[in-house]
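I have placed the structure first, in the form of C-alpha cells, so that the comments after it can refer back to it.
Proteins get letters first, then strands, A, B, ... in listed order; numbering begins at 1 in each.
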Protein chains: 4
Amino acid sequence: MSLKVDLNSDLGESFGAYTIGMDDEVIKLVSSANIACGFHASDPVVMRHTVEMAVAANIGIGAHPGFYDLMGFGRRNMNISPKEAYAYVTYQLGALSAFCKQQGAKIDHVKPHGALYNMAGKDYELAKGICSAIYDFDPDLILLGLSGSQMIKAGGDVGLRCANEFFADRAYEDDGSLRARTKEGAMVEDENEAVERVVKVLKTGYVTTYSGNELQLKIDSVCVHGDNAHALEFVKTIRERFAKENIEIAPLREVVR
Amino acid sequence: MSLKVDLNSDLGESFGAYTIGMDDEVIKLVSSANIACGFHASDPVVMRHTVEMAVAANIGIGAHPGFYDLMGFGRRNMNISPKEAYAYVTYQLGALSAFCKQQGAKIDHVKPHGALYNMAGKDYELAKGICSAIYDFDPDLILLGLSGSQMIKAGGDVGLRCANEFFADRAYEDDGSLRARTKEGAMVEDENEAVERVVKVLKTGYVTTYSGNELQLKIDSVCVHGDNAHALEFVKTIRERFAKENIEIAPLREVVR
Amino acid sequence: MSLKVDLNSDLGESFGAYTIGMDDEVIKLVSSANIACGFHASDPVVMRHTVEMAVAANIGIGAHPGFYDLMGFGRRNMNISPKEAYAYVTYQLGALSAFCKQQGAKIDHVKPHGALYNMAGKDYELAKGICSAIYDFDPDLILLGLSGSQMIKAGGDVGLRCANEFFADRAYEDDGSLRARTKEGAMVEDENEAVERVVKVLKTGYVTTYSGNELQLKIDSVCVHGDNAHALEFVKTIRERFAKENIEIAPLREVVR
Amino acid sequence: MSLKVDLNSDLGESFGAYTIGMDDEVIKLVSSANIACGFHASDPVVMRHTVEMAVAANIGIGAHPGFYDLMGFGRRNMNISPKEAYAYVTYQLGALSAFCKQQGAKIDHVKPHGALYNMAGKDYELAKGICSAIYDFDPDLILLGLSGSQMIKAGGDVGLRCANEFFADRAYEDDGSLRARTKEGAMVEDENEAVERVVKVLKTGYVTTYSGNELQLKIDSVCVHGDNAHALEFVKTIRERFAKENIEIAPLREVVR
C-alpha cells in the first residue's frame, strides 16, 4: 500500500490588469488549488477563470480567504474580531462556491491566507471564528492548516475534518511552530535538503527541528509555489522523487478521511 | 379570490461604522428584502445581520447586486462588459447565499441595484450577462426587474421566472419606461395619487402615463423605501389601503408561479 | 494673562451616500478640525466641502490620516511598516493640502486617527515614520498627539512642534497612558467630573490618575466629539465653564509656539 | 533651430505585490513621466518610489489621475459629475505633489488617464471640472491632452497652458479624433509607418487621416509605452530617428511656453 499526500498551491491571485503567478504551469503539477477569493487578491473575473482551470485540471478546489487588504496582499496582521473573521470567511467562501456551483464543481477545502493563516495559527478565538464559519457553511469541508496549530485545534473542536500542512522550505521549532522568518536559519535554502525533509516526514512521521531534535508530525499536504520558473522546477523535483519513493499525490478528499 | 402582490424594499445598506436606512422598521412592513451584497453597499458583518433579520421576519430574501462603487453607492453608470457583469453578479449572489445557507435560508430573488438596474433595463447584452449568471447559479431564482425592460426580456430568454416591479412614485412614459428624473413630472409627488396608481394598476392592469394614455402593465411587486420616517408612513398607508381593497401582500415566491 | 487651549474635533468623516457626525454644529464650537483624508473615512467630495466649512468658520485645519481600512473606520490595528506609514501619511497629507491650497488655506496640524494614533503612541519606529513624513512635507506643521506618548517623543526628535492632547472622558494610568477601554473605570462617565478634570489639568497641570495619584501633564488641546446631540451639549458645557474660568479657546497655532 | 518634442510614458502603475510595466527601462528613454496617483493604479509606497526614480532621471513629472476603479485599471467609463471630477483630480494631484515636495521636486503637467482622458476629450463639462481643479491647485501646471479635444479646449478656457499629445500607433479621423479601437484600421500596426507618422507630423504639422485626407495637428508630446520589451524597442527606434532628423527630445516645460 502506497503513501498518499496532497500537493497544494495558491492560485488565482491575479487582479484586473495585474498578473501574478504562473497558474497555467503549476496547476498541472499539484493536486489541490487554494483559490483567492477577492479580499487579499483576485477579482470575480479571475475567480471564474481559475475555477474553470481547476475543473479542467480535475484537481481539488480550495477557498483561500484572506484579510480585506489588497494593498498588502493579505500579508499584514489586522486586528479583526472573531465575529468579523466569521463574516469575512463566509463571504469569501460563498463567493467562490458560486463559481464552482455554476460549473458543477464543489469546494473541497479551505486554507486561510497569509497573515490570517498565521494569526489564526496562534489565536484560538480567531481560529474558532474562522472554523465556525466554515462548518456552518458546509460541515463536509476540510480545513487545511499548519500541523499542530491553534487553527487545527479549533477545526477539530467545531467538528471539521482537518488536513495538516507541511512547509518543505521552512525550519521547524521544537514545539511544531515554523521558525520565524526574522530568525537565522528560518528557511531551508538547499533544495535537495528540502525534498529530503518532505520524504522523511512522510515515510517516518518525523522532522528534524532547528535545534536538532526529532519532532513527530502528521502530514496530509505539502505547500508548493508557482511564482517563478525556479519554483516550478522544485515542484517537478518533488514529483519525481515521490514517484521513485512510491508516494502517491492525491487531492485532500482522498488523503483526509 | 384575492389579488396578491409583493412589497419589496432595499435593506442592509449600512457599512462599517456607517448606518443608513431604518431597517428595523421597514422589515416589518414588507414581504421581500433586497439585501446589498458588499459592492455598492454593506459589508460581511452587516450582511450576516441583515439575513438574520430577514429570516426572523420570515420575509422573502433577495440579492441586490450592484456596481463595485461604494463611493457612488452603485448609482453611477459604469461601462462593464457582459462578462464582467456575469462574474460580479455571481460573486455577490454567492456571498449572500452563504449567509443564508448558514442560517437554513435561501435566496428567493435577485434585483440588480441602482445604475446596474437602470443600465441592464435598457441594454440587452448586459442584462443577458446578469441573467445568465443568476440562472447558472440557481435556475429557480426569480428575477425582479422593471416591467417591460430589457432585463425582463433577457431573464425570460435565459429561462428565469421574472417578477415585474412597479414604482408608485414615478411617472411612466408611453413605452413603459420610467420618465427620466431630469424631466418635469418624473416624480409622483402626491402620496394619495401614488397609492391610487398602485391600486389601479393592480386592479385594472393599467397605469396612466405622463402623456395621459392608458398603458397595460403586469405587476408582481411594488418597490417601497425605508430611508426615513416619512417613507415608512407611506408604506403603512399602502398597507392599509391594500387591506381595504382585499389586496394580499405576499413574498415573490407566492406571487410569481 | 489668560490660559489658552485648543478644542479639537474629528470632522468630515462622511463618505459617499453615508453621513456621520454633526459637522455643521460642532464646527461652530471648536477651534481646530481634524479632517479625515479618505483612508479610514471621507472621500474627495466630502474633503473639499469640509475644508470649505473649516475655512468659513475660520478654525485651524488639521489632517487626520488613518489606516486604509474604511470597513473598520481605521479603528483596527494593522501591522504596517514605518516605511508604509511614511507613504500613507504623505499621501493623505498631500490630498488634504490640495483642497486647502485651492481655497487659499493651509494645514496647521496633523493628528493620526484611531488605531494609527494608538499604535504610534506606543511604537516609536512607527511614530518616527509618521513624523518624518510630516516633517519632510512641511516642517512647520504641528503634531497633535497624546501627551507623553512615543508619538510626541518621535515628533520632537524629528523636529516638529508638538501639541499635547487631553481626553476629558478617559481615565489616565500613572504612566500617562489612557486606561484601556477593556478595563473597568476606563471612561469618565460623569460629565461634571469630566469638565472638572479639564479645568484642573489646565489650571494646575495635574490630573488625578485611576489609582488616585497626581500626574503632571502639559495640555495644549482637548478632544471633543460631535457624534450626537449629547456630545454637542458637553462641548457647550466646556465652553461655558472655560469662559467663567477665563480660559481662552484658540487654534493650535496660537497655543503651540 | 531644432524641433523640440516631449516623449511621455505612463509610469508607476504597480500596486502592492503586483508589478506592471518596465519602469526602470522606459524612464531612461522618455522626457516626461505620467505618474499614477492611487485611483486606477499605484499605491503610496509605489508613488514615493516612482517620484524618486523620476527625480533621479531628471525628467518631467506629471500627475496621471484616473477613475477610482483599480479593478478596471481606470479603463472603464464611469458617469461621474464635473464636481466629482474636480474633487477626484484635486485629491490625486495633492497626493502626488506631496511626494514631490518631500523630494524638492514639482509636478510639471497633468494627463488624465484612460477612460477619464477619453471621456473628458469629448465632454466639455467633465473636462472643465478636471481643468478647473488643476488650475485652482496650481495655475502653472501644463495640461497634456489629445490635440483638438474638448479637454484642450476646456484647459485653454480656464487659463491653463496646454500640450497636445500625439499617438503614433493610432489612426486619426478627419475631425482629429482617434479612430475607435472597435473599428478596422484603428491601430497603426507597422512600426516603420508609425515612426514616419510622428516625424511627418512634427516636421510638416500634418497627419494623414484614416480616410486619406491631410489633417493639420499641433504636436507637443508623443505618447510611448513601457509595457514590454517590444514597446521599449519602439521607443529606441523613435529616439534614433529623432536624432537623425535633428528633433530634440525635451520635457514639456521646455516645449510648451
Side-chain angles (χ1 to χ4, degrees), chain A residues 12 14-17 35-39 42-52 63 65-68 70 80-107 110 129-141 158, chain B residues 12 14-17 35-39 42-52 63 65-68 70 80-107 110 129-141 158:
Chain A
S14 293
F15 174 83
I35 301 180
C37 300
F39 268 39
S42 193
D43 66 49
V45 171
V46 170
M47 287 170 71
R48 185 185 180 196
H49 176 65
T50 308
V51 169
E52 282 170 355
F67 282 123
Y68 192 59
L70 186 67
I80 66 171
S81 68
K83 185 183 163 186
E84 288 169 330
Y86 183 102
Y88 295 177
V89 167
T90 301
Y91 188 94
Q92 295 179 71
L93 264 178
L96 185 69
S97 74
F99 293 105
C100 293
K101 191 162 183 280
Q102 289 179 333
Q103 300 180 41
K106 207 179 155 310
I107 297 178
V110 182
I130 295 170
C131 293
S132 299
I134 299 170
Y135 186 86
D136 292 350
F137 177 69
D138 181 355
D140 288 334
L141 289 173
V158 305
Chain B
S14 293
F15 174 83
I35 301 180
C37 300
F39 268 39
S42 195
D43 65 50
V45 171
V46 170
M47 286 170 72
R48 187 186 178 196
H49 176 66
T50 308
V51 169
E52 281 170 357
F67 282 124
Y68 192 58
L70 186 65
I80 66 171
S81 68
K83 184 182 165 187
E84 288 169 329
Y86 183 104
Y88 295 176
V89 167
T90 301
Y91 187 95
Q92 295 179 72
L93 264 179
L96 184 69
S97 74
F99 293 104
C100 293
K101 191 162 183 284
Q102 289 179 333
Q103 300 180 42
K106 206 179 156 309
I107 297 178
V110 183
I130 295 170
C131 293
S132 299
I134 300 169
Y135 186 87
D136 293 351
F137 177 68
D138 181 354
D140 287 335
L141 289 172
V158 305

With a 4.5 Å heavy-atom cut-off, do [X] and [Y] have their side chains touching?
X	Y	answer
B:Lys101	A:Asp138	yes
A:Arg48	B:Thr90	no
B:Phe99	A:Tyr91	yes

Donor-acceptor pair, side chain of B:Glu84 and main chain of A:Val45, under 3.5 angstrom: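 Answer holds: no.
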
At a 4.5 Å cut-off on heavy atoms, which part of B:Cys100 comes close to chain A: side chain, backbone, both, or neither?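 Contact with chain A is absent: no heavy atom of B:Cys100 under 4.5 Å.
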
Contacting moiety of B:Asp43, where chain A heavy atoms sit under 4.5 Å: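 Neither; nothing under 4.5 Å.
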
Of all heavy-atom pairs between B:Pro44 and A:Ala87, which one has the smallest distance, and what is that distance?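 It is CB-O, 3.4 Å.
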
On a heavy-atom basis, which atom in A:Gly94 and which in B:Ala98 lie closest, and how many Å separate them?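 In terms of heavy atoms, the two residues are closest at CA-CB, 3.5 Å.
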
Taking atom [atom1] of [X] as the centre, does the number of heavy atoms from other residues, nucleotides or ligands within less than 6.0 Å exceed 12?
X	atom1	answer
A:Phe39	CZ	yes
B:Lys83	NZ	no
B:Tyr68	OH	no

Under 4.5 Å from a heavy atom of chain B, the part of A:Tyr135 involved: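 Neither the backbone nor the side chain of A:Tyr135 comes within 4.5 Å of chain B.
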
